[in-house]
Amino acid sequence: MEQQQVNGGGSWTSFVKSIASFNGDLASLTAPPFILSSTSLTEFSSYWCEHPSVFVAPAKEPDAAKRALLVLKWFLTTLKQQYASRSEQYGNEKKPLNPFLGELFLGKWEDDAGTTELISEQVSHHPPATAYAIVNMSAGVRLEGYNAQKASFSKTINIKQIGHAVLTVPSPSSKEPDTYLITLPSLHIEGLIFGSPFIELDGSSYITSSTGFTAKIDYSGKGWLSGKKNSLTATLYPTGKEKDVLFNVTGQWTKTFDIHSGPAKHNSKDTLITSWDPAQSPTSELCVAPIDKQHPLESRRAWSRVAAAIAKGDLDAVGLEKSKIENAQRERRVQEKSEGRMWQRRYFSVPDTPDRVLTHLGPIVGLAEHGDADKTGGLWRFDLQKTEKEHSRPLLSEDEASKLAKELLGQ
Ligand code: HC3
């Protein structure tokens with residue numbers, strides 16, 4: 001049945017028809033109200049660490065191959081949150097808010113793994129790119145990365161993810177930590193014509209390590225190899241020796257997956273090392289400051305009026321509140337240009353020296369030395385100095401905060 005029109009929003013059928021002439025700009029899709037989310041894409045960076053103890057587990061493993069396996073396991077456990085949590089929560093995938101330049105999403109997890117901090121920042125608006133860092137100081141584990149999306153239409157909306165992530169884990173046998181270069185899977189939207197869009201992953205993604213191991217993950221959906229939706233198979237092998245499979249994984253990234261030693265053709269009860277069942281592994285809650293204590297550029301504070309309008313289903317107010325932010329941002333960019341200045345990113349920089357991780361590991365997984373810098377506004381890396389400066393800055397007074405909100409967000 002066709003979804004009903006709410007407050008002047010278009011019907012699902014007209015939305016689906018409009019997608020056929022889609023120009024690749026995801027932000028420009030005018031979706032019906034029930035598909036609008038009040039969550040900004042800057043929040044999506046938190047999906048990388050909803051099980052902090054799994055995130056830090058590699059730091060405790062002395063064997064390099066098993067450490068690489070734990071990194072693969074952690075990566076696979078993040079997929080459900082990343083790509084299926086909205087459909088599980090709301091019954092369908094939603095259209096997230098398109099972050100403005102400088103938007104921040106900050107939080108921390110406090111649990112058995114200690115404190116794990118999240119910093120997510122919109123580092124580019126044209127093209128849109130979000131950078132993030134997730135750091136657990138006590139375990140010495142750090143994830144940094146950035147991403148953008150390139151969309152196209154062929155039968156459905158297809159999204160290629162641009163960018164990559166780098167996980168740093170202390171090494172028990174060397175002063176230099178291990179680095180793991182992680183590529184991101186492609187995805188497409190299923191269920192569009194039925195009015196209940198959800199994500200399916202496709203193609204392959206890789207994790208390759210400075211310790212000489214590579215994992216290849218293959219994704220498939222219903223009607224393809226396994227016949228089950230959200231299927232995956234993965235192999236871990238010494239880099240360059242794809243046939244010498246040390247470990248393999250099979251299952252579904254939304255349900256359970258099994259990790260076996262050796263190649264899949266020998267899989268049996270005896271080769272099973274462990275299974276992951278998300279239903280048995282509750283996620284850790286991310287702590288975010290209350291809205292009135294947030295910086296005006298923090299996502300939930302900045303979008304609070306838009307979120308309230310979405311909750312009410314008031315599309316006119318959604319449009320009005322969004323355009324206040326967009327107009328203020330446009331004016332800001334014009335002003336910066338006229339003054340020969342650039343927006344200063346708070347936590348991330350584009351280093352002017354070649355990136356060591358990409359130089360060494362990029363070619364193994366098909367990434368160029370410059371990453372995808374041309375499509376993400378730069379090759380973004382977490383900047384510790386900037387972060388220390390940010391952390392030592394005094395909190396804004398109410399007056400300063402409202403002045404900034406007016407100036408940057410028109411509110
Ligand atoms: C494509 C997507 C925006 C991008 C989202 C990304 C790739 C962002 C980085 C995260 O780490 C992983 C991730 C998960 C979901 C991706 C979103 C799914 C849908 C959204 C489109 C812009 C909305 C398309 C409209 C709709 C609802 C009809 O499908």
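Small disclaimer: the values here were computed from a predicted structure and weren't measured. Scope of the values below: all heavy atoms of this structure, side chains included, with no hydrogens, waters or symmetry mates. Whatever order the structure lists them in is the order used to number ligands and atoms, beginning at 1.
With no hydrogens or angles considered, no side-chain donor-acceptor pair links Asn92 and Ser196 at under 3.5 Å. Judged purely by distance below 3.5 Å, without hydrogens or angles, the side chains of Tyr219 and Ser205 pair a donor atom with an acceptor atom. When only modelled atom types and interatomic distance are considered, Thr239 and Thr214 share a side-chain donor-acceptor pair under 3.5 Å. Between the side chains of Ser284 and Asp111, at least one donor N or O sits under 3.5 Å from an acceptor N or O. Side-chain atoms of Ser299 and Glu103 form a donor-acceptor pair, as typed in the model, at a separation below 3.5 Å. If you check the side chains of Trp48 and Tyr132, you find a donor sitting under 3.5 Å from an acceptor.
Using a non-hydrogen distance threshold of 4.0 Å, Tyr47 does not register as a contact of ligand 1.
In this structure, the protein non-hydrogen atom closest to atom 24 (C) of ligand 1 is Leu29 CD1, 4.2 Å. The protein heavy atom nearest to atom 7 (C) of ligand 1 is Gln161 OE1, 3.5 Å. Closest to atom 20 (C) of ligand 1, if we only count protein heavy atoms, is Pro96 CD, 3.8 Å. Protein heavy atom in closest approach to atom 8 (C) of ligand 1: Gln149 NE2, 3.6 Å. The shortest contact between atom 9 (C) of ligand 1 and any protein heavy atom is with Asn147 ND2, 3.6 Å. Given atom 19 (C) of ligand 1, the protein heavy atom at minimum distance is Glu93 CG, 3.8 Å.
Interface atoms of ligand 1 facing Ile35, defined by a heavy-atom separation under 4.0 Å, are 27 (C). Atoms of ligand 1 lying under 4.0 Å from any heavy atom of Phe15, numbered from 1 in the order shown and given with element: 28 (C). Residue Arg86 has at least one heavy-atom neighbour below 4.0 Å for each of these atoms of ligand 1: 14 (C), 15 (C). Set against the non-hydrogen atoms of Tyr83, the atoms of ligand 1 under 4.0 Å away are 12 (C), 13 (C), 14 (C). Set against the non-hydrogen atoms of Ile159, the atoms of ligand 1 under 4.0 Å away are 1 (C).
Residue Gln82 has at least one N or O atom closer than 3.5 Å to an N or O atom of ligand 1.
Ionic pairing of Glu200 and Lys222 is not present here: no N-O contact between side-chain nitrogen and carboxylate oxygen is shorter than 4.0 angstrom. A salt bridge does not link Lys155 to Glu190: none of the charged side-chain nitrogens sits closer than 4.0 Å to a carboxylate oxygen.
Using a 4.0 Å cut-off between heavy atoms, Leu184 makes no contact with ligand 1 at all. Contacts of Thr130 with ligand 1, taken as heavy-atom pairs under 4.0 Å, are absent altogether. With a 4.0 Å cut-off on non-hydrogen atoms, Gln81 does not touch ligand 1 at all.
Close placement of the Trp276 and His51 rings is indicated, their centers lying within 6.0 Å of each other.
Between Leu192, Ile189, Leu79, it is Ile189 that holds the heavy atom closest to atom 29 (O) of ligand 1. The heavy atom nearest to atom 17 (C) of ligand 1, out of those in Thr42, Ile199, Leu201, is found in Ile199.
The salt bridge (Lys or Arg N to Asp or Glu O under 4.0 Å) check on Glu121 picks up nothing, with sequence neighbours excluded.
Protein heavy atoms are absent from the 4.0 Å sphere centred on atom 2 (C) of ligand 1. Under the 4.0 Å distance rule, the nearest protein heavy atom to atom 15 (C) of ligand 1 falls inside the cut-off.
In terms of heavy-atom proximity, Asn136 sits nearest to Thr115 at ND2-O, 3.5 Å.
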Q: Check the pair Trp12 / Phe34 against ring pair (Phe, Tyr, Trp, His ring centres under 6.0 Å), numbers first and verdict last.
A: CA-CA 9 Å; Trp12 185 252; Phe34 80 94; 5.4 Å; yes
